[in-house]
Amino acid sequence: MADTQSQSNNPDELYRIRHSAAHIMAAAILEMFPDAKLAIGPPIKDGFYYDFDLPRPISTDDFGQLEGRMTQLIKQDVPFEHEEWPKAKAREFFKDQPYKLELIEGIEDETVSIYKSGPLVDLCAGPHVESSSACENFKLLKVAGAYWRGDENKPMLQRIYGTAWSTKKELKHYLHTLEEAKRRDHRKMGKQLELFGFHEMSPGSIFWKPRGWTAYRQLKNYFREIEAEQGYEEICNPSFYHEDLFEQSGHLEHYKDSMFTMDVHGQTYCLKPMNCPDTMLYFKSKKRSYRELPLRVAEFGHLHRNELPGALGGATRVRQFVQDDAHIFLTKEQIFDEIGMLLEMIDATYGLFGMEYEVEISTRPDDFMGAVELWDEAEEGLKEAMKEAGKPFTINEGDGAFYGPKIDFQVLDCLGRSWQCATIQLDFQLPLRFELGYTGADNEEKTPIVIHRAIAGSLERFFAILVEHLAGVFPTWMAPVQAMVVPITDEQNDYAWDVADTFKKAGIRVEVDQRSEKMGYKIHEAETRKIPYMLVVGGREEEAGTVALRTYREGRRGTVPVEEVRDEIVDLIKNRTLDVDVEISALATQGEGDTGKDMAERGY
RNA sequence: GCCCUCAUAGCUCAGUGGUAGAGCACUUCCAUGGUAAGGAAGGGGUCAUCGGUUCAAAUCCGAUUGAGGGCUCCA
């Protein structure tokens, strides 16, 4: 997506440049390590990689030499020449290249496609640039391990990632965006702003500090509020269940490895990895009528998933988290309206933070369960609701879960990275597994459909995405401290507390910095903490019952009566105004999701 | 779980065989200063943990734990 937004070229050209840059890197690697075994080297989103089997581990310290050799090849402007070889010839040529041999065996045609570029002869479907000078705007980025063919039972190769662009300006911009992403990394901001931390006594779990927890609670309250407005009821179930619950839901058989289990008096109990099964118990806790549908049940349950140690990372991949989860029990006739409501909620939520999003609908897979007519009707309901909402969407045919079709939402942050957050999944199976029923108008027992939905997904992860999107600058309604009163000298401390009192009574989170420091020092610290409102009070302000207002966003705003500032902040909170500057970058960086797997399949 | 890298004060980091340093933060004192850091003094580290090599280890080697970048996974 980034590619199409760059000014001067089309995606196809960038694809060629990156694919060719990968080849040039392979040529340079062969110069450095003549015994290197080459695997594959495809272009990916924003760059390229090549997988190698090398005699020793390579590190970023080797990049200088490697980039130097690449630059030499590029300066020589070697042409990329395409040839078609009979398989036999290719087998002979690549006899010392086991990975290439394996690839050749996988090709069905009688001939294989070969590209020559300077010293490198590579098995490759192409396409490439005319000659190597087109790849001059490149940079190597990182090394990583990667399994051959992505299979954990196959050998671990060394992957070198790089980026390449058609102009120096684009390369520079991209590298700058990477820097920016690093600068606003939620782990860094979380530490700097004292929002949250981690501790090795509980790897993969977030330790919320007062400031972060305050902001987090505002976010959670927002979800509570919109859910209450839309007729949801909230429950709170245990975290800890006998394994039979997950036996019944079907989770145990597929996801046992990801669940924390323990022995309790000879019985096996598990920490719940999701809220669905226990919400089913709630539905079944009494006799239900069609009059209750759609029944919307929210639960902010604490979920635990036993992620592999190597898979943990910051707040985005944790072992313990909370989802803004809800389950809606309804009839198939109610799907259309319900989806419409959800789309509005999702739109409103992302709008709060100035985030864009893309939508994908996934339809019936081959191994589906349930009645075809039910699937067809449900999918139609989803599509109609999307059209009604006027939102463009793409369809992933056959990509739905076996239990029902789904809509996924990809949020785009201000650096152009995309994150899978909201999801709406229809489920025809869980109600059957739990033998859910309600009494219809005709006094017959019927089975409801369940919608699983989340808007933020994991609140922890969504919070982290927000921190990076906003660069740690929360809108006033979410800010841990919304206003800091700064008395100029100790003389004004009493007045400062009076001002703070006025704010507190209006529900504003306010603090007084009454340390005997110079006001410049206090302002500096308030700015560093990104506190939206700074209220300086000196002798003049005390006399007049005013404050000298300074905001994080606008700087000095002059003298304003206390009540006026109070009302302004109250307004921002009530409306949840986005009073921060969110600069949207045109260029994307590497977000999650698109690791180039699909491209790797296209052109080796 | 697998590959690579990393771990020194609360934070950011210097210190590559000879008994541990800086800046910020913290404490105390001076200064009461009008919009992004006033000055001085002081406290604080079994150099992640365990083991090995060595006369001597923060420094070299191994293991463990945790973190980072990827791979696999992500209901």
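Just so it is clear: chains get the letters A, B, ... in the order the sequence lines come, proteins before strands, and each one is counted from 1.
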Regarding the side chain of A:Gln425, the nearest nucleotide among B:U72, B:A67, B:A75 is B:A75

Of the candidates B:U72, B:G34, B:G66, the side chain of A:Ala548 sits closest to B:G34

Please determine if a side-chain N or O atom of A:Arg317 lies less than 4.0 Å away from the OP1 or OP2 oxygen of B:G68. no

At a heavy-atom distance below 4.0 Å, what parts of residues 272-281 of chain A sit against RNA chain B? A:Pro273, A:Met274

Using whole Å, report how far CZ of A:Arg515 lies from P of B:C30. 18 Å

How long is the straight-line distance from NZ of A:Lys272 back to OG1 of A:Thr279, given to the nearest 0.5 Å? 6.5 Å

Check whether any side-chain N or O of A:Arg159 sits under 4.0 Å from OP1 or OP2 of B:C3, and answer yes or no. no

Taking side chain as C-beta onward, heavy atoms only, is A:His199 less than 4.5 Å from A:Ser202? no

For the P atoms, the ones on B:U8 and on B:A58, what distance do you get once it is rounded to whole angstrom? 15 Å

Side-chain (A:Glu379) to main-chain (A:Arg364) donor-acceptor, under 3.5 angstrom: yes

Centre of A:Phe48's six-membered ring, under 6.0 Å away, within 45 degrees of the axis: is that where NZ or CZ of A:Arg18 sits? no

Ranking B:G69, B:U35, B:C74 by distance to the side chain of A:Arg187, first place goes to B:G69

Starting the side chain at C-beta, find the nucleotide from B:C4, B:A37, B:G66 nearest to A:His524. B:A37

Per atom distances to the A:His251 side chain, the nearest of B:A75, B:U35, B:G34 is B:A75

Paired with B:G23: which nucleotide, if any, by Watson-Crick or G-U wobble criteria at under 3.5 Å for both distances? B:C11

Assign A:Gly250 to base, sugar-phosphate, or nothing according to its heavy-atom contacts below 4.0 angstrom with the strands shown. nothing

ring-ring contact (aromatic ring centres under 6.0 Å, His included) test vs A:Phe463 passes for just one of A:Phe223, A:Trp213, A:Trp208, A:Phe321, namely A:Trp208

Base, sugar-phosphate or nothing for A:Glu541? Non-hydrogen atoms, less than 4.0 Å. base

Please work out if A:Ala146 contacts a base, only the sugar-phosphate, or nothing of the nucleic acid, heavy-atom cut-off 4.0 Å. sugar-phosphate

Test item: A:Asp408 side-chain N/O and A:Thr423 main-chain N/O as donor-acceptor pair under 3.5 Å: no

Base B:A36 paired with A:Arg550 side chain (donor-acceptor, <3.5 Å): yes

Assign A:Gly538 to base, sugar-phosphate, or nothing according to its heavy-atom contacts below 4.0 angstrom with the strands shown. base

Measure from the side-chain heavy atoms of A:Tyr161 and tell me the nearest of B:A75, B:C71, B:U72. B:C71

Tell me which nucleotide among B:U35, B:G70, B:C73 gets nearest to the side chain of A:Val536. B:U35

Take nucleotides 8-13 of chain B nucleotide by nucleotide from the 5' end and write B, S or -, depending on whether a protein heavy atom sits under 4.0 Å from the base, only from the sugar-phosphate, or from neither. ---SS-

Choosing from B:C73, B:G70, B:G34, which nucleotide comes nearest the side chain of A:Lys142? B:G70

Are A:Lys530 and A:Tyr552 in a cation-pi contact, defined as NZ or CZ under 6.0 Å from the six-membered ring centre and within 45° of the axis? no

Summarise how protein sits on nucleotides 38-46 of chain B as a single string, 5' to 3': B when a protein heavy atom is under 4.0 Å from the base, S for sugar-phosphate-only contact, - for no contact. B--------

Other residues, nucleotides and ligands only: do more than 12 of their heavy atoms fall within 6.0 Å of NZ on A:Lys256? no

Expected output: side-chain A:Lys100 to main-chain A:Ala39 donor-acceptor under 3.5 Å: yes

Which part of the nucleic acid does A:Tyr403 contact within heavy-atom distance under 4.0 Å: base, sugar-phosphate only, or nothing? sugar-phosphate

About how many Å separate CE of A:Met519 and CG of A:Asp513, when rounded to the nearest 0.5 Å? 11.0 Å

A:Leu308 atom CG is separated from B:C71 atom P, nearest whole Å, by 14 Å

Among B:C4, B:G34, B:C73, find the nucleotide with the atom closest to the side chain of A:Pro57. B:C4

